Amino acid sequence: MFKMITAVSGAAVRFSNGQEAFASEVTITPAEVDLFGLKISETLLSVWIVMLILIILALAIRIFVIPKFKTVPKGLQNVLEMFVEFCEKFTNSQIGKRGAAFAAYIFTVAVMIFATSLVELFGVRPPASDINFTIAIALMSFTLINAFGFYYTGFFGRLKWFVKPKAFMLPINLVTHSVIPVSLSFRLFGNVFAGMVVMNLLYSVTYLSVGLPGVLAIYFNLFHTGIQTYIFLVLTLSFMEETVMYGAKRQ
């Protein structure tokens, strides 16, 4: 997949329509925008805008819609509690009863990846198609994975993990563990970027630019993104579970 991305990126894709030609360019590096004299990528700006919308929405719901939580939930509170319960069950299914403490992080990452991907519906490049965005999320997950391991196995227990089941596994365990953020970030980036390339190609073909892109946009922006978000979260929780596979001091 990475070879395909490298080949497509930076290359001009031309299509003929009668005597006219249409050129489209897809690059790995997102375009830059000028924000009050500061040069930032368009994907970073999209992330900031989505974050601002989510924060305002959360505050509005908390202050005006649900100023006080009720013992017997109704309406929107009931819906929110269903989401919270689903996240807790999901994390518990992956890492046992320890998952409740990490449900909030899993929910936050899921909302962030999915919400930022929706900007493509408005013709904006999705942040997950920027390797910087996916690396940032992957590094956060990587930090949490190790914090999880240190907390439940102790300092020396975590270090001993790298020499199990046998001492000669130390180099292999070090390498495989070190590439976790690379694996998480490039998998998400590669799939979202490939989807963006496909949509760009379809929009470039004049006779396919009406109707079909709208249908496929629903797939790539909703279904496909949902699948990639799910895979990212499952892998994160799986790596967490691996840190306590040889026993934990805390339950």
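What's counted below: heavy atoms across the whole structure, side chains too, no hydrogens, waters or symmetry copies. In this text the structure is predicted, and so the values were computed from the model without any measurement.
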When rounded to the nearest 0.5 Å, the distance separating CZ of F232 from CG of L188 is 6.5 Å

Side chain to side chain contact (heavy atoms under 4.5 Å, CB included) with V84: which residues, sequence neighbours excluded?
E88

Between CZ of F239 and OG of S183, what distance do you get to the nearest 0.5 Å?
5.0 Å

Do I66 and L59 share a hydrophobic cluster, counting only Ile, Leu, Val, Met, Phe, Trp and Tyr and linking them when any side-chain heavy atoms are less than 4.5 Å apart?
no

Of all heavy-atom pairs linking Q94 and E241, the shortest is O-OE1, 4.0 Å

Would you please test V111 and L54 for side chain to side chain contact (heavy atoms under 4.5 Å, CB included) and show each step?
CA-CA 9 Å; V111 171; L54 292 176; 4.0 Å; yes

Taking side chain to side chain contact (heavy atoms under 4.5 Å, CB included) as the definition, give me every residue that meets it alongside I106, ordered by chain and number, with sequence neighbours left out.
F90, T91, L233, L237

Min side-chain heavy-atom separation I40-V33 under 4.5 Å
yes

Can you see which heavy atom on F102 is nearest to which on I95, and at what distance?
CD1-CD1, 4.2 Å

Rounded to the nearest 0.5 Å, what's the gap from NZ on K166 to CG on N173? Could you check?
13.5 Å

Residues in salt bridge (charged side-chain N to carboxylate O under 4.0 Å, His left out) contact with K164, at least two apart in sequence or another chain:
none

At their closest point, which heavy atom of S129 faces which heavy atom of F193, and how far apart are they?
O-CD1, 3.7 Å

By side chain to side chain donor-acceptor pair (under 3.5 Å), which residues pair with Y151, not counting sequence neighbours?
R250

So which atom in A138 and which in L184 form the shortest heavy-atom distance, rounded to 0.1 Å?
CB-CB, 3.9 Å

To the nearest 0.5 Å, tell me how far T236 OG1 sits from I231 CD1.
11.5 Å

Quick one: side chains of residues 112-121, donor-acceptor pairs under 3.5 Å with protein atoms, not counting sequence neighbours, listed by atom name and distance.
residue, atom, partner, partner atom, Å
T116, OG1, M112, O, 2.6
T116, OG1, I113, O, 3.0
S117, OG, I113, O, 2.8
E120, OE1, N221, ND2, 2.8

Which ILVMFWY residues are connected to M82, directly or by a chain of links, through side-chain heavy atoms under 4.5 Å apart?
none

Shortest non-hydrogen contact from S185 toward I131:
O-CD1, 4.3 Å

With clusters defined by side-chain heavy atoms of hydrophobic residues (ILVMFWY) lying less than 4.5 Å apart, directly or transitively, does V72 cluster with V79?
no

Verify the cluster assignment for V47 and I55: are they in a single hydrophobic cluster under the rule of side-chain heavy atoms below 4.5 Å apart?
no

T27-T29 side chain donor-acceptor pair, cut-off 3.5 Å:
no

Could you tell me which residues satisfy side chain to side chain contact (heavy atoms under 4.5 Å, CB included) with P171, sequence neighbours excluded, listed by chain and number?
none

Please list all pairs meeting side-chain hydrogen bond (donor to acceptor under 3.5 Å, both in side chains) that have one or both residues in residues 52-80, counting only residues at least two apart or in different chains.
Q77-E81

Does any pair with a residue in residues 132-150 pass side-chain hydrogen bond (donor to acceptor under 3.5 Å, both in side chains), and if so which ones, sequence neighbours excluded?
Y105-S141, D130-N132, N146-R158, N146-H177

Cluster overlap F86 with Y230, hydrophobic side-chain contacts below 4.5 Å
no

Side chain to side chain contact (heavy atoms under 4.5 Å, CB included) partners of M245, counting only residues at least two apart:
W161, E242

Residues clustered with L52, ILVMFWY side-chain links under 4.5 angstrom:
I56

Within 45° of the ring axis of Y152 and under 6.0 Å from its six-membered ring centre, is that where the NZ or CZ of R98 lies?
yes

Among the clusters formed by ILVMFWY side chains lying less than 4.5 Å apart, do M140 and F148 turn up in the same one?
yes

Hey, what do you get for CD1 (I180) to CD1 (I145), rounding to the nearest 0.5 Å?
5.0 Å

Side chain to side chain contact (heavy atoms under 4.5 Å, CB included) evaluation trace for F142 with I135:
CA-CA 10 Å; F142 184 66; I135 286 178; over 6 Å; no

Co-members of F168 in a cluster of I, L, V, M, F, W and Y side chains, linked at under 4.5 Å
M169, I172

If you compare all heavy atoms of P126 against all heavy atoms of M196, which two are closest, and at what distance to 0.1 Å?
CD-SD, 4.0 Å

Starting at CG of L80, measure out to CZ of F83 and round the result to the nearest 0.5 Å.
8.0 Å

